[in-house]
Each structure stands twice: as structure tokens, then as C-alpha cells.
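For reference, the structure is listed below as C-alpha cells.
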Amino acid sequence: MEPVPLCKGEIIVHIQNREQLADLNPDSHAAAVIVDNAADAALARDCAGSRLVGVAIDARLPQEEDTTSESWNADWMIDQFRETVAGALRSKADFLYLRMAESLQVLRAAVLAVTDQSGIGILVELPVDEECCMPDGTPLLCALGILQRIGVAGLLLDGDMDDVEEVIEELSPHSRAALGLALGLRDGRHGEQLPEAEFYLANNQEQVERIYPLIPDSDDLEDPMADRDYILAPVGRNVHFVDATIDISDPLDLEDHFEETLLELEDVWSGAIKLEITSMDDIYLLAENQYLLERPVCLAAENPELFEKALRVFNGIALYDGTWELDEEHLERFYRRYGLVSL
């Protein structure tokens with residue numbers, strides 16, 4: 001995916017209506033984000049000048065939708081965002097900004113709806129609570145591990161300053177994506193400078209002025225750099241760090257008492273569990289039972305189409321150990337789009 005072409009320590013302003021433009025100092029920000037229902041060309045030009053314009057998309061499903069019976073169907077969830085993403089792309093946005101996320105599974109589907117259609121840069125707003133989790137209970141370290149490998153260029157943390165400061169310190173040693181603050185001044189404090197923060201999102205000119213004291217001098221800004229000795233490869237809500245020496249189990253046949261076998265293996269196995277995908281029934285079983293998976297997961301499939309379907313439904317970062325060798329074209333696609341880790 002393309003990076004979002006911003007420099008460090010810059011402010012993004014969230015424009016929700018034309019009235020905000022009258023109060024906004026055009027020299028106070030590097031980029032603007034416009035909400036999708038205000039994303040007409042005239043407003044975009046008013047906001048931009050020589051600056052960047054992004055379009056905001058709500059990364060949540062309509063509340064009236066009952067997803068419980070469809071939760072295995074990643075393509076169904078991706079389809080819910082496809083038209084909205086296509087409209088945002090037609091606006092010639094410089095980047096897309098995914099916000100209002102309540103579930104990592106749904107947010108992941110929104111990201112895939114973007115990467116299915118474009119290589120445009122993606123920023124994601126993540127809500128932060130005192131437990132360092134998303135609203136669905138997913139640890140933010142898991143969210144980081146998944147999102148940064150499937151095409152997200154930057155994560156902006158939204159919450160009270162105390163919580164944001166704690167989370168950004170936890171995430172920064174493991175982040176390959178840019179980290180920033182999104183509306184992170186809700187408690188009214190000016191807070192302390194955070195060298196790990198690269199971008200800031202404000203709602204209005206008043207917030208812009210309050211953010212300025214938080215921006216360190218350029219010499220004090222720090223590059224987030226993940227430790228290259230391991231790879232952050234979460235599975236669901238379980239944080240895992242893996243390397244090429246991880247033990248991998250014998251292949252499990254998903255149609256052969258998979259649930260019982262998996263429960264037994266989880267108790268005795270400390271490495272990665274290899275799941276063999278040979279049919280669409282295996283895809284359904286993986287999707288329906290992946291909540292039981294707590295160990296790192298290695299996927300194996302002779303058919304590249306089945307392999308990709310398994311990657312789409314799997315709510316984590318999968319490993320690949322070379323079983324049934326795939327060609328470079330497929331592997332590159334799987335690395336780029338789904339974050340597949342080749343050992």
C-alpha cells in the first residue's frame with residue numbers, strides 16, 4: 001500500500017461541514033479529512049489548496065444488521081463497505097481515513113474493502129480505553145499487529161490523554177506504522193509531548209491551537225521501529241511474537257473432529273498449529289471455530305484460491321512454512337493483502 005505522504009509532527013483537521021472552513025487557519029494544518037457525506041469536489045478544493053485531502057469512512061456495520069450468522073463470511077462484511085469505498089476513491093482522495101471502529105473483525109473487513117480496490121494510503125482511528133483495548137475487547141497490540149501488515153500506514157489513537165500516553169508507549173516498540181493522536185485531548189489537559197506521536201487529528205481551530213504544544217521539535221521525533229528479531233503475529237485477541245525457529249505441529253485435518261483435536265492440542269502444544277485447507281468445508285470450519293485458536297496458526301493449502309479464502313476469513317496473521325509451494329505471484333499478493341508471514 002502507498003504511504004500517506006505527510007511529514008512528521010503534522011496536524012490533520014477533520015472537516016465536517018462548510019461552516020468550519022471560515023474559522024480554520026489554512027496554514028495551521030498539513031491535511032484535511034472530510035466526512036463522506038460532505039465529500040463534494042468543491043469542499044475538497046476549499047480544504048486543500050496545496051494540502052492533502054482524505055475522506056473519512058465509518059468502519060462499522062449498520063446497527064440493525066445481525067452479523068452473528070454471517071460472522072464467518074468475510075466477503076459479506078467486505079461487501080458492506082465496497083460501495084462506500086468506491087465512492088471515496090472516485091473523489092480523488094489522497095488517502096482514506098477509517099474511523100468509528102467498534103470491532104477489529106469489522107475494521108479489518110473495511111481495510112480489505114479498500115485494498116481490494118486500490119493501493120491508496122490508509123489511516124485508521126482506534127478508540128482507546130483504560131484497558132488498552134478496542135470496544136470489542138481486542139488488545140490494541142493485536143490490532144496493531146494485524147492492521148500494520150494488511151496495508152494500514154498509520155494509527156491515530158482516540159481517547160483520554162492518560163490512556164493514550166500509556167498505549168502509545170506500549171505500541172511504539174512494535175510499530176512499523178506511524179502512530180498519532182486522534183482527538184486525544186478530550187479530558188481538557190494539554191498533556192506532555194509524546195516523541196512517538198507522528199500525526200495529530202483535530203476537530204476545529206481551537207483543538208489545533210491546543211495541539212501545538214504537544215508537537216516536539218523535529219529533532220526529538222522518534223521513528224517507530226519494530227524489533228527485527230521477531231514478528232508480531234496476533235491470532236484473534238491473542239498477542240504472539242514469532243520467528244523462523246517456531247515449532248509447527250503436524251497438519252490438522254479440519255474435518256476430522258477438529259474442535260476436539262484442537263482443544264487437546266492447545267493444552268500440550270506451545271508452537272504454531274498447522275491447519276490443512278483442502279475444501280470449502282474447511283474454510284467454514286476455520287471461520288466458525290477460530291475463536292478456539294489461541295496459538296499461532298500456520299496455514300497450508302495446495303490450491304491458491306482456497307489458501308486466499310482461508311486468509312480472508314482468518315482473524316489474525318497466518319504463517320506459511322512452504323508446504324505445497326506457492327508461486328511468487330500468489331505469495332506476494334498474500335503478503336501484501338493479508339499480512340502472511342513466510343518462515
Side-chain angles (χ1 to χ4, degrees), residues 74 101 103-105 107-109 111-112 124 126 128 131-134 136-152 155 166-177 179 224-252 254 258-259 261-277 285-301 307 310-323 331 334-343:
S103 159
L104 179 59
Q105 184 179 15
L107 175 57
R108 178 180 179 271
V111 172
L112 292 179
V124 166
L126 282 181
V128 173
E131 302 297 329
C132 299
C133 291
M134 292 182 62
D136 68 345
T138 300
L140 287 167
L141 190 56
C142 283
L144 168 71
I146 292 171
L147 295 173
Q148 70 182 0
R149 293 194 64 87
I150 64 171
V152 173
L155 307 176
E166 179 180 351
V167 169
I168 204 168
E169 289 178 6
E170 178 186 8
L171 298 187
S172 60
H174 314 296
S175 180
R176 301 187 309 173
L179 299 175
M225 182 61 69
D227 189 325
R228 301 304 180 185
D229 292 336
Y230 57 79
I231 296 170
L232 176 57
V235 173
R237 298 178 184 176
N238 301 286
V239 176
H240 295 296
F241 295 97
V242 304
D243 61 22
T245 65
I246 189 170
D247 292 331
I248 298 176
S249 73
D250 293 331
L252 270 68
L254 277 76
F258 170 60
E259 185 174 348
T261 304
L262 181 62
L263 288 171
E264 293 173 2
L265 195 57
E266 287 282 4
D267 291 334
V268 300
W269 187 258
S270 59
I273 294 174
K274 181 185 287 189
L275 304 180
E276 191 170 73
I277 308 297
L285 286 168
L286 170 60
E288 291 171 355
N289 293 285
Q290 63 182 308
Y291 71 94
L292 297 170
L293 293 166
E294 297 181 357
R295 304 293 183 193
V297 170
C298 179
L299 293 178
F307 201 115
L311 290 170
R312 285 176 84 82
V313 304
F314 179 56
N315 295 320
I317 297 299
L319 312 180
Y320 171 68
D321 68 349
T323 301
L331 281 177
F334 298 161
Y335 298 154
R336 184 181 67 253
R337 187 157 296 183
Y338 307 105
L340 181 68
V341 174
S342 182
L343 300 176

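Along the sequence shown, the residues carry numbers beginning at 1.
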Least distance between heavy atoms, G316 atom then I146 atom: CA-CD1, 3.8 Å
M134 side chain reached by L140 side chain, heavy atoms, under 4.5 Å: yes
Heavy-atom check, side chain of L293 versus side chain of L275, under 4.5 Å: yes
For A109, all residues meeting side-chain contact (heavy atoms from CB on, under 4.5 Å), sequence neighbours excluded: M77, I78, F81
Approximate separation, where rounding is to 0.5 Å, of L299 CG and L340 CG: 7.5 Å
Set of residues satisfying ring pair (Phe, Tyr, Trp, His ring centres under 6.0 Å) with respect to F307, sequence neighbours excluded: Y320, F334
Whether Q148 side chain and L155 backbone form a donor-acceptor pair below 3.5 Å: no
Minimum heavy-atom distance between L254 and L285, given as atom pair plus value: O-CD1, 3.2 Å
Test log, rule side chain to side chain contact (heavy atoms under 4.5 Å, CB included), inputs Y291 and N315: CA-CA 9 Å; Y291 71 94; N315 295 320; over 6 Å; no
Which residues share a side-chain hydrogen bond (donor to acceptor under 3.5 Å, both in side chains) with R149, sequence neighbours left out: none
Distance-only donor-acceptor check, side chains H240 and Y230, under 3.5 Å: no
For the student: nearest non-hydrogen atoms of L311 and A318, plus distance: CD2-CB, 3.8 Å
Under 3.5 Å donor-acceptor, D136 side chain and L104 backbone: yes
Interatomic spacing from OG1 in T138 to CG in N238 - rounded to 0.5 Å: 10.0 Å
For the student: nearest non-hydrogen atoms of Y338 and R108, plus distance: CD2-NH2, 4.2 Å
Salt bridge (Lys or Arg N to Asp or Glu O under 4.0 Å) partners of D243, counting only residues at least two apart: none
Salt bridge (Lys or Arg N to Asp or Glu O under 4.0 Å) partners of R295, counting only residues at least two apart: E266
side-chain contact (heavy atoms from CB on, under 4.5 Å) partners for A300, two or more places apart: K274, T323, W324
Nearest non-hydrogen partners of A244 and L343, listed with the distance: CA-CD2, 4.2 Å
Residues in side-chain hydrogen bond (donor to acceptor under 3.5 Å, both in side chains) contact with S103, at least two apart in sequence or another chain: none
Shortest non-hydrogen contact between L171 and L144, atoms and distance: O-CD2, 3.8 Å
Spacing of E276 atom CD and D250 atom CG [to the nearest 0.5 Å]: 10.5 Å
Donor-acceptor contact present, side-chain E166 to main-chain C132, <3.5 Å: no
E131: partners by side-chain contact (heavy atoms from CB on, under 4.5 Å), with sequence neighbours left out: D129, C133
Any side-chain heavy-atom pair of I317 and I231 under 4.5 Å: no
Ring pair (Phe, Tyr, Trp, His ring centres under 6.0 Å) against Y335, all qualifying residues, sequence neighbours excluded: none
Contact check, side chains of L319 and V297, non-hydrogen atoms, under 4.5 Å: no
